[in-house]
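One structure below.
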Amino acid sequence: MPEQKKKQIPLRLSAKLYDAIAAWAEDDFRSVNGQIEYLLTECVRQRKKNGKYVSEHLDEPIELDIR
């Protein structure tokens with residue numbers, strides 16, 4: 001099977017969100033880019049599976065409780 005080309009896109013994240021994803025990526029032994037790709041892939045799989053987003057409030061701003 002031929003390797004799929006990946007698209008490069010600019011992505012803007014808040015510093016808190018980036019830090020949370022970076023910490024999670026470190027826990028999972030992934031790069032930040034790899035973690036973001038993993039999270040987006042899982043979200044799309046979930047939507048395809050049951051027609052719903054992971055959260056019904058996906059478009060609402062999130063409060064990260066990061067100290």
Side-chain angles (χ1 to χ4, degrees):
M1 182 181 335
E3 185 176 328
Q4 294 179 358
K5 289 188 177 186
K6 294 188 177 188
K7 299 275 186 181
Q8 293 184 9
I9 60 166
L11 180 64
R12 291 182 293 273
L13 303 172
S14 70
K16 283 185 178 183
L17 180 56
Y18 180 89
D19 291 344
I21 292 172
W24 192 357
E26 188 174 319
D27 289 345
D28 289 351
F29 302 104
R30 290 189 182 100
S31 66
V32 171
N33 191 62
Q35 190 72 13
I36 291 169
E37 185 176 5
Y38 167 76
L39 294 170
L40 289 172
T41 300
E42 288 302 308
C43 187
V44 170
R45 281 185 186 149
Q46 182 70 29
R47 178 153 162 87
K48 285 182 179 180
K49 181 178 175 181
N50 64 15
K52 296 181 182 178
Y53 290 108
V54 173
S55 170
E56 293 181 9
H57 308 286
L58 189 63
D59 293 328
E60 295 176 12
I62 57 170
E63 277 297 320
L64 295 175
D65 187 20
I66 302 170
R67 297 161 207 238

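What you see is a predicted model; the values in this text were computed from it and never measured.
Judged as a side-chain contact (heavy atoms from CB on, under 4.5 Å), and not counting sequence neighbours, the contacts of V32 are Y18, I21, A22, I36. For the side chain to side chain donor-acceptor pair (under 3.5 Å) test, residues two or more places apart in sequence or in another chain that qualify with E37 are K6. R12 is linked by a side chain to side chain donor-acceptor pair (under 3.5 Å) to nothing, counting only residues two or more places apart in sequence or in another chain. Residues passing the side-chain contact (heavy atoms from CB on, under 4.5 Å) test with N33 are S31, sequence neighbours excluded.
W24 and F29 sit in two unconnected hydrophobic clusters of ILVMFWY residues. Membership requires side-chain heavy atoms under 4.5 Å apart, directly or through other members.
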